[in-house]
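Down below is the structure, laid out as C-alpha cells.
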Amino acid sequence: QQTELVREPVDVNGLVENTISIVKNQALIKGVSLKYERTDGLPRITLDRSQMESVLLNIILNALDATDSGGSITVTAGIGMSADRDRLKGVEIICRDTGCGIPPEIKHKLFEPYFSTKKSGTGLGLAIVNTIISDHNGYIRIRDNDPRGTRFIIELPSHVDEAAGYLDLENPQQKRR
C-alpha cells in the first residue's frame with residue numbers, strides 16, 4: 001500500500017550513491033561490478049526520497065539477479081529531456097546491466113501487477129516502481145543494452161506544478177499540460 005508522498009528537494013547524486021552503498025556488498029560477493037557515474041551540477045529534484053530509493057533499489061537488485069559473475073551494472077544520472085514532451089527538462093537516471101536481457105515478448109508485461117519471471121517473485125516490484133514514478137510525474141522505459149543486457153531509464157521532471165503537471169523550463173511562466 002502506497003503512502004502519501006513526502007516531497008523534499010533531493011540531490012540525485014547523493015540519492016543514487018546512498019542506494020548503491022546498500023547493495024555494493026551483494027554485488028561484490030556475486031562478482032558483479034556495480035558503479036555510479038555521477039554528473040556534477042544536476043538540479044535538485046523535489047521527490048519522496050524514501051520511495052525513490054525503493055525504486056532504485058528494486059531496479060538495481062533486479063539487475064543484480066540478471067547479471068552473472070564477471071558482469072557489470074552501471075548507473076548514470078544526467079540532464080534529460082522528456083521523451084513525450086518537447087523542451088521539458090529533468091533528470092534522467094539510467095541503470096544498465098550486462099545480464100541476460102529481457103525477451104521482447106514479455107517487456108510489455110513487466111509493469112503489470114503479479115507478473116514475474118522469478119520463481120519466488122510476487123510480481124509487485126516493478127508494478128510498484130511504475131506507480132511511484134508516475135506519482136512523481138515521471139516515466140520509466142526499458143531498452144536493450146548494447147551488446148547485451150537491459151537498460152532501465154527513469155525520467156523525472158525537475159520542476160512540477162502540483163495543479164498543472166509539468167512546467168516548461170524554457171518559459172517557466174507557461175504551464176504545460
Side-chain angles (χ1 to χ4, degrees), residues 2-23 34-64 72-97 99 102 107-113 124-146 149-177:
Q2 294 296 312
T3 58
E4 187 174 325
L5 294 178
V6 179
R7 295 180 187 264
E8 61 181 308
V10 173
D11 168 42
V12 175
N13 285 316
L15 177 74
V16 175
E17 288 167 345
N18 185 58
T19 306
I20 285 179
S21 73
I22 295 170
V23 293
L34 174 58
K35 64 181 178 180
Y36 176 51
E37 295 174 354
R38 66 180 287 133
T39 300
D40 292 327
L42 293 177
R44 290 172 95 64
I45 303 289
T46 302
L47 49 78
D48 184 306
R49 177 187 305 271
S50 174
Q51 287 195 11
M52 200 54 63
E53 192 171 272
S54 295
V55 162
L56 294 174
L57 198 55
N58 186 291
I59 290 171
I60 293 169
L61 287 172
N62 282 346
L64 192 55
S72 67
I73 300 168
T74 304
V75 181
T76 58
I79 301 292
M81 300 294 279
S82 172
D84 295 350
R85 297 181 168 94
D86 55 342
R87 297 177 56 214
L88 274 173
K89 294 180 184 174
V91 170
E92 185 176 76
I93 302 169
I94 302 173
C95 180
R96 356 178 118 71
D97 67 61
I102 300 169
K107 277 185 188 165
H108 69 282
K109 296 180 182 179
L110 287 181
F111 298 111
E112 292 177 9
L124 292 176
L126 288 176
I128 292 170
V129 159
N130 192 38
T131 298
I132 291 171
I133 291 172
S134 293
D135 288 348
H136 285 84
N137 297 319
Y139 296 94
I140 185 166
R141 295 179 286 138
I142 304 168
R143 297 288 182 265
D144 292 335
N145 190 38
D146 191 30
T150 304
R151 283 183 299 147
F152 276 81
I153 303 155
I154 300 169
E155 298 170 339
L156 298 167
S158 51
H159 290 92
V160 176
D161 177 337
E162 294 294 336
Y166 286 93
L167 289 179
D168 182 342
L169 297 185
E170 299 296 316
N171 182 3
Q173 304 307 314
Q174 176 188 352
K175 290 183 181 175
R176 306 277 288 184
R177 300 195 195 287

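This one's a predicted model, so the numbers in the text were calculated from it and none came from an experiment.
Considering CE of M52 and CG of L156, their distance stands at 4.5 Å, rounded to 0.5 Å. Expressed to the nearest 0.5 Å, how far OG1 of T46 lies from CG of L5 amounts to 11.5 Å. Taking CD1 of I153 as the reference point, atom CZ of R96 lies at 8.0 Å (rounded to 0.5 Å).
Between I140 and F111, the closest side-chain pair of non-hydrogen atoms falls below 4.5 Å. Side chains of E53 and I22 form a contact here, defined as non-hydrogen atoms less than 4.5 Å apart. N58 is not listed as a side-chain neighbour of I128, based on a closest heavy-atom distance of 4.5 Å or more. At a threshold of 4.5 Å between non-hydrogen side-chain atoms, the residues V16 and R38 do not count as touching. In this structure, T76 and T39 have side chains that are not in contact, with every pair of non-hydrogen atoms separated by 4.5 Å or more. Side-chain contact between I132 and D48 is absent, with no heavy atoms from C-beta onward closer than 4.5 Å. The shortest distance between side-chain heavy atoms of R151 and R141 does not fall below 4.5 Å. F152 is not listed as a side-chain neighbour of V55, based on a closest heavy-atom distance of 4.5 Å or more.
With sequence neighbours excluded, the residues that form a side-chain contact (heavy atoms from CB on, under 4.5 Å) with R49 are E8, V10, L15. Taking the side-chain hydrogen bond (donor to acceptor under 3.5 Å, both in side chains) definition, one finds that K107 meets it with D144, sequence neighbours left out. Remark: D146 pairs with no residue by the side-chain hydrogen bond (donor to acceptor under 3.5 Å, both in side chains) rule, at least two apart or across chains. Partners of R143 under the side-chain hydrogen bond (donor to acceptor under 3.5 Å, both in side chains) rule, at least two apart in sequence or in another chain, do not exist in this structure. The salt bridge (charged side-chain N to carboxylate O under 4.0 Å, His left out) test applied to D11 returns no partner, not counting sequence neighbours. In this structure S72 satisfies the side-chain contact (heavy atoms from CB on, under 4.5 Å) test together with S33, T98, sequence neighbours excluded.
Here the side chain of T19 pairs no donor or acceptor atom with the backbone of L57 at under 3.5 angstrom. No donor-acceptor pair closer than 3.5 Å links the side chain of D97 to the backbone N or O of I73.
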